[in-house]
**Q** 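Structure below; questions to follow.
Keep in mind that the numbers below use all heavy atoms, side chains included, and drop hydrogens, waters and symmetry copies.
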Amino acid sequence: MKQEKNIVPTNGYIMLPVLLGLFILAIVLVVGGVPLALPIFVICIISLRGFVLVNPNGSRVLLLFGKYMGTVKKNGLFWVNPFYSKNKISLRASNFDSERLKVNDKLGNPIMISTILVWRVTDTYKAAFEVDDYKNFVRVQTDAAVRKLASMYPYDNFADEGHTEDITLRSSVNEVSEALEKEVQERLAMAGIEVLEARIGYLAYAQEIANAMLKRQQATAIVAARHKIVEGAVSMVEMALDQLGKKEIINLDEERKAAMVSNLMVVLCSDKDASPIVNAGTLNH
């Protein structure tokens, strides 16, 4: 048998009075000196091993001398063959928070990454017999999937170096989570495990390059902000010159236009508030 087999064994509440009756019978026979009492008493003791309690979202895998007999998933008190070995496997959802792994992203930058995985067993036969230890299998295969995922995508985009990616580890949270969930599910399918959720729990540059990358991000942000400021300043200067020309407030030659443009650009692009000097004379003085 290479697949799970669900069975519903004998109700344990029915066997309880039966065994209790046999036990009382054995005591009566012992008092009466009947030799048959000893075998009945031994049968009662052995039969007690047949009781099995299955909690909600739990299961018991039954083996008879190494042969798989079936799995009990229905919760309650049951009675099975006393010689069955009863291995407990939980069907509840479990969380796994992996350790922070140091790996290289697609661009070769060292990063620290960890994942949070929510999983549960759906096939008790595969979990019990296809892998040696299904819990350890989940840990090892999840770490392997995270390492592979980190090498597929860059941590972030570096447009200034010509590296532009549609999906990055830092910004594309949903896409990366879907790719991680698919990769982990493919690895854990052979153990009869279903992945309910997989997402990145921690993501950062490795310590040796964290400061350098932070400065790089700050510099990129400053350059982008300056770019926007310059674009806005040019538009405002153009609008000012156009309005002055249309309303004929003042006639400026090319030299004075250049001076006004220079002054306006300094005022609009400066980091600090401008301190103008009021000219009490004419434009020439």
**Q** Show which side-chain atoms of residues 75-85 pair as donor or acceptor with protein atoms under 3.5 Å away, not counting sequence neighbours.
**A**
from, atom 1, to, atom 2, distance (Å)
Trp79, NE1, Ser47, O, 2.9
Asn81, OD1, Phe83, N, 3.0
Ser85, OG, Leu63, O, 3.4

**Q** Any Lys/Arg nitrogen of Glu178 or Lys182 sitting under 4.0 Å from an Asp/Glu carboxylate oxygen of the other?
**A** no

**Q** Atom CZ of Arg139 and atom CG of Leu117: how far apart are they, to the nearest 0.5 Å?
**A**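 If I round to the nearest 0.5 Å, the distance is 12.0 Å.
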
**Q** State, with a plain yes or no, whether a side-chain heavy atom of Lys5 is found less than 4.5 Å away from one of Met69.
**A** no

**Q** Between Glu4 (side chain) and Thr124 (backbone), is there a donor-acceptor pair under 3.5 Å?
**A** yes

**Q** Find out whether Ile40 and Leu29 are in side-chain contact, i.e. whether some heavy atom of one side chain is under 4.5 Å from a heavy atom of the other.
**A**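 Side-chain contact under 4.5 Å: yes.
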
**Q** Among Thr168, Leu169, Val173, which one satisfies side chain to side chain contact (heavy atoms under 4.5 Å, CB included) with Ser171?
**A**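 When Thr168, Leu169, Val173 are each tested with Ser171, the side chain to side chain contact (heavy atoms under 4.5 Å, CB included) holds only for Thr168.
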
**Q** Starting at CD1 of Ile167, measure out to NZ of Lys106 and round the result to the nearest 0.5 Å.
**A** 9.5 Å

**Q** Hey, are the side chains of Lys86 and Leu62 touching, using non-hydrogen atoms and a 4.5 Å cut-off?
**A** yes

**Q** How many angstroms lie between atom CD1 of Ile7 and atom OG1 of Thr71, to the nearest 0.5 angstrom?
**A**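 Spacing of CD1 (Ile7) from OG1 (Thr71) equals 7.5 Å.
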
**Q** So how far is it from Leu38 CG to Ile43 CD1, rounded to the nearest 0.5 Å?
**A** 10.0 Å

**Q** Side-chain heavy atoms under 4.5 Å apart, restricted to Ile/Leu/Val/Met/Phe/Trp/Tyr: what other residues fall into the cluster of Leu196, or is it alone?
**A**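 Val118, which link up through side-chain heavy atoms under 4.5 Å apart, make up the rest of the cluster.
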
**Q** Report the distance from atom CD1 of Ile193 to atom CZ of Arg187, rounding to the nearest 0.5 Å.
**A** 13.5 Å

**Q** Hydrophobic clusters here meaning ILVMFWY residues chained together by side-chain heavy-atom distances under 4.5 Å, can you tell me if Leu20 and Ile46 are in one?
**A**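 The answer is no; the residues belong to distinct hydrophobic clusters.
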
**Q** If you round to the nearest 0.5 Å, how far is CG of Leu180 from CD1 of Ile200?
**A**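 Separation between the atoms: 5.0 Å.
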
**Q** Within the 4.5 Å heavy-atom criterion, are Val61 and Tyr68 side-chain neighbours or not?
**A**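 Side chain of Val61 against side chain of Tyr68, heavy atoms only: contact under 4.5 Å found.
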
**Q** Measure up the Tyr155 and Tyr205 rings against each other and bin them: parallel (under 30°), tilted (30 to 60°), perpendicular (over 60°).
**A**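 Tyr155 vs Tyr205 ring planes: tilted.
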
**Q** Does Ser151 use its side chain to pair, donor to acceptor, with the backbone of Asp105 at less than 3.5 Å?
**A** no

**Q** Given 3.5 Å as the limit, does a donor-acceptor pair link the side chain of Asp123 with the main chain of Lys126, or not?
**A**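 Checking the backbone N and O of Lys126 against the side chain of Asp123, a donor-acceptor pair under 3.5 Å is found.
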
**Q** Grouping I, L, V, M, F, W and Y whenever their side-chain heavy atoms are under 4.5 Å apart, do Trp119 and Ile116 come out in a common cluster?
**A** no

**Q** Going by atom types only, do Ser98 and Thr142 share a side-chain donor-acceptor pair under 3.5 Å?
**A** no

**Q** With hydrophobic residues grouped by side-chain heavy-atom distances under 4.5 Å, do Leu22 and Leu48 end up in a single group?
**A** yes

**Q** Would you please name every residue forming a ring pair (Phe, Tyr, Trp, His ring centres under 6.0 Å) with Phe23, sequence neighbours left out?
**A**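 So Phe23 forms a ring pair (Phe, Tyr, Trp, His ring centres under 6.0 Å) with Phe41.
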
**Q** Does the side chain of Glu183 reach to within under 4.5 Å of the side chain of Met152, using non-hydrogen atoms?
**A**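 Answer no - side chains too far apart.
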
